[in-house]
Number of protein chains: 2
Amino acid sequence: MTRIDDVARLAGVSTATVSRALRGLPTVSAATRHRVLAAAEHLEYAVSPSASRLAGGRTGTVAVVVPRITRWFFSTVVEAVEESLHQSGYDLLLHNLGGRRQMRQRVLQTAGLHKRVDAIMLVATPLRVSDLTALGRLDLPGVTISSGTVVPGWPCVRIDDVAAARTATRHLLDLGHRRIAHISGDPDDELAFTTHLDRRRGYQEALRAAGLPLDPSLDVESQFTIDGGTRATEELLRRGDPPTAIFAACDEMAMGAVSALRDAGLRIPQDVSVIGIDDHDLAGVLGLTTIAQPAAEQGLLAARVLLDPLRGLLDAQAGSAAVATTDGGSATRGGSATGADAGPPPVAGGGEPAGRSVILPTRLVVRASTGPPRAD
Amino acid sequence: MTRIDDVARLAGVSTATVSRALRGLPTVSAATRHRVLAAAEHLEYAVSPSASRLAGGRTGTVAVVVPRITRWFFSTVVEAVEESLHQSGYDLLLHNLGGRRQMRQRVLQTAGLHKRVDAIMLVATPLRVSDLTALGRLDLPGVTISSGTVVPGWPCVRIDDVAAARTATRHLLDLGHRRIAHISGDPDDELAFTTHLDRRRGYQEALRAAGLPLDPSLDVESQFTIDGGTRATEELLRRGDPPTAIFAACDEMAMGAVSALRDAGLRIPQDVSVIGIDDHDLAGVLGLTTIAQPAAEQGLLAARVLLDPLRGLLDAQAGSAAVATTDGGSATRGGSATGADAGPPPVAGGGEPAGRSVILPTRLVVRASTGPPRAD
DNA sequence: CTGAAAGCGCTTACAG
DNA sequence: CTGAAAGCGCTTACAG
């Protein structure tokens, strides 16, 4: 393995100068820089991250924590974040909680992050007080994605979940539905992020605004998965007097609902309409009406919000290219409400720097799974 | 930040002893170990990975390279691998090629891996000769997943793609189909892994065995995605005289095909049968007949094959627990053919240690998307 | 079983 | 703009 002093010797300079030249620091003459780069290339030199990190006091690594990488939203976010991080020269340390009860603590409270990363991104990660304490002790910059994950002092990139749910429910109301069920996240689930609470609130607000009573028998809790949606729907049908429409808290639940309804011999949307939230890759194939949320954009923006303050801390070696400008102009900064819904602005969480927090818009996508209720 | 000498001072021993005790080395007396552990806990000490890696000459990190983390197979593999690695105390450095033309080179041939990891896992990563040269220079242990990715000297965990395709095609033949189309991977795609070549071979072998001619107009190339399946099917229909059945090289393509057929007003399976390979999470919801392949198991086995030789090199600190035994006994080692198909054994690639290579079985899962052709 | 000391390969004030 | 030297926080022979 060639080391920095091999390069220094060949270029006829000190290792300090090699270090500076390779990182693109401005205090190196053009001639020297050229010689150093040529020597490094000739020797196929690559810096040792371990040594560089120890000496420099930075890890060049960002931890990304997701509940389940296999779910559409999280894999889409991670793909966008990975590209952003690598473009900026950062490594991505992936933590997948994977539904294991003890994993969240292991990641957040033990050596999972300690001295390992320069910054943290939590995606829809459920947090207890003890987790917040542990994160505080780490004293690292961070960002969260999803309204369900709030860390004091960290910006949050998200959609307006209450508004999205209100829009979904209103779509069903506008079609003439009155018996509208909601299937949502299970609060007993160790990995339940609180997003489902916001979405239920939107559902309830829309019903109330329409002058409809809240029927607890139409509100079923289950997990944010295909199976969860199937089980919730089966439970709903078991209760008798089925709803004419189901609003599922995410597309995967909605797909599970579609499956259960079909198995029960019910037609969609003639017998039961179904709407979700996400605009999953396969929503189109299934003809699922949904509230689209921009997953990749949330990842991209979160990465930028996280990296911007770190910029310049890391060497320019991996490419000093700025993150591509993909903002799209659709982001609303500062916490004002946006999106398909024109309801009241979301309440800002306590203490986070709203200036860097972002709420991205959602939009109703009507497909074949929703229609008016039967006339009878 | 507390350092190792803080712990040493409190425990009244040298830093060398702290280092040994914390890593669970056997050459420490029980009493000393206890004092050290107590001191470390009291000070909330966590080892500095950078320092440890520099001094120890190991990174404790494994690179995992996937084409697209958003695709079912890859996210499922990564989830299994992530759990395995973290259980063994390794960090997972994720590289997502993401369809970008230059990414593969950037990851494999530049500082993406150099001095950064102890081992490499390539999942369905297309490799050119120059990539192989670069990997050889890295001189690291590695493992690949998928028949499309073969690195000399590295074991490979995979299914028998030829057999899987043969079984899929034979299922359609057994139902009475004679005009069977195949939609498969695009060889022009920079990220095309050669898996689609194996699957096409199985398709052709099954047709030939049934005494049917190969009709090039029934063989359409496209990408391994939902959109790819849709486009390929549209192309197929455009050619006129549509097939009575479509064998798609993966479930995502099959789902795209389902979408295109529906849009064309064709019924499934009455007008056209559809079969894929994977048993994607949503295959059940869509009623898709498929050849199931064990994605998580392939990830788990690949992680084990990779970590086994490394065992003991890393400290026991992160938990000396062995990887859970989830082999299931279904794995066949040594290259003999298994699975739903009883055809000839797959040809072993040149030079890889077949002893550690594994071929996992696949199985036909019949759902609603396949049936006999119409009588007319 | 334990310790003193060298060394891992860089980066960073500091001085010039 | 450049270099000499200290130091980042560990691990590892080596010696006992």
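Numbered from 1 within each chain, the chains take letters A, B, ... in sequence-line order.
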- Task: Check whether any side-chain N or O of A/Ser52 sits under 4.0 Å from OP1 or OP2 of C/dT11, and answer yes or no.
- Result: yes
- Message: Tell me which nucleotide, if any, is Watson-Crick or G-U wobble paired with D/dA4 when both distances must be under 3.5 Å.
- Response: none
- Message: Need one value for A/Thr27: base, sugar-phosphate or nothing, where a base atom within 4.0 Å counts as base even if backbone is also close, heavy atoms only.
- Response: base
- Would you indicate, yes or no, if C/dT11 has its OP1 or OP2 atom less than 4.0 angstrom from a side-chain nitrogen or oxygen of A/Ser19? yes
- Candidate nucleotides D/dG7, D/dT2, C/dC8, ranked by approach to the side chain of A/Val28 - the nearest: D/dT2
- Is it the case that A/Thr32 and A/Ser29 place a side-chain donor and acceptor less than 3.5 Å from each other? yes
- For A/Ser50, report the nucleic acid contact type (base, sugar-phosphate, nothing); a contact means any heavy atom under 4.0 Å. nothing
- Report the distance from atom CD of B/Glu82 to atom OG of B/Ser75, rounding to the nearest 0.5 Å. 12.5 Å
- side-chain N/O B/Lys115 vs C/dC10 OP1/OP2, d < 4.0 Å: yes
- Item | Euclidean distance, atom CG of residue B/Asp5 to atom P of D/dC10 [Å, nearest integer] | 7 Å
- Could you work out which one of C/dA4, D/dC10, D/dG3 sits closest to the side chain of A/Ala16? D/dG3
- Query: DNA chain C: B/Leu54 or B/Val13, which has the more 5' nearest nucleotide?
  - Reply: B/Val13
- Query: Under 4.0 Å between a side-chain N or O of A/Thr32 and OP1 or OP2 of D/dT2?
  - Reply: yes
- Query: Once you round it to whole Å, what is the distance between P of C/dT11 and CZ of A/Arg53?
  - Reply: 12 Å
- Between the side-chain atoms of A/Arg20 and the base atoms of D/dG3, is any donor-acceptor pair under 3.5 Å? yes
- Quickly work out the A/Leu25 CG to D/dG3 C1' distance and round it to whole Å. 15 Å
- Message: At 4.0 Å (heavy atoms only), tell me whether B/Gly57 reaches a base, stays on the sugar-phosphate, or touches nothing.
- Response: nothing
- Return the value, rounded to whole Å, for the distance between atom CE of A/Met1 and atom P of C/dC10. 11 Å
- Task: Take the protein atom CG of B/Leu22 and the nucleotide atom P of D/dC10, then report the distance between them rounded to whole Å.
- Result: 10 Å
- Taking atom C1' in both C/dT12 and C/dG16, what distance in whole Å separates the two? 16 Å
- Message: Can you measure B/His114 atom NE2 to C/dG9 atom C1' for me and round it to whole angstrom units?
- Response: 13 Å
- Among C/dT12, D/dG3, D/dC10, the nucleotide that comes nearest once only the side chain of A/Ser14 is considered: D/dG3
- Please examine the side chains of A/Arg33 and A/Leu22, heavy atoms only from C-beta on, and report whether any two atoms are closer than 4.5 Å. no
- Which part of the nucleic acid, if any, lies within reach of A/Pro26 when heavy atoms closer than 4.0 Å are counted: base, sugar-phosphate only, or nothing? sugar-phosphate
- Nearest of D/dT2, C/dG9, C/dC8 to any side-chain atom of B/Ala55? C/dC8
- Does B/Pro155 offer a backbone N or O that forms a donor-acceptor pair with the side chain of B/Arg356 under 3.5 Å? no
- Query: Out of curiosity, A/Leu43 CG to A/Ile4 CD1, how far, rounded to the nearest 0.5 Å?
  - Reply: 12.0 Å
- Task: Starting at atom CZ of B/Arg9, determine the distance to atom P of C/dG3, rounded to an integer number of angstrom.
- Result: 14 Å
- Query: Mapping A/Ala51 and A/Thr17 onto DNA chain D by nearest heavy atom, which one lands closer to the 5' end?
  - Reply: A/Thr17
- For A/His34 and D/dT2, what is the distance between atoms NE2 and P respectively, to the nearest whole Å? 13 Å
- Does A/Arg35 have a side-chain nitrogen or oxygen under 4.0 Å from the phosphate oxygens OP1 or OP2 of D/dT2? no
- Message: Assess, by modelled atom type and distance only, whether the side chains of A/Arg23 and A/Ser19 contain a donor and an acceptor separated by less than 3.5 Å.
- Response: yes
- Message: Just to be sure I understand the rule, does A/Ser29 reach a base, reach only the sugar-phosphate, or reach nothing, if contact means heavy atoms closer than 4.0 Å?
- Response: sugar-phosphate
- Item | Minimum heavy-atom distance between B/Ser88 and B/Leu307, given as atom pair plus value | OG-CD1, 3.5 Å
- Message: Checking base pairs now: Watson-Crick or wobble, both atom distances under 3.5 Å. What partners D/dA13?
- Response: none
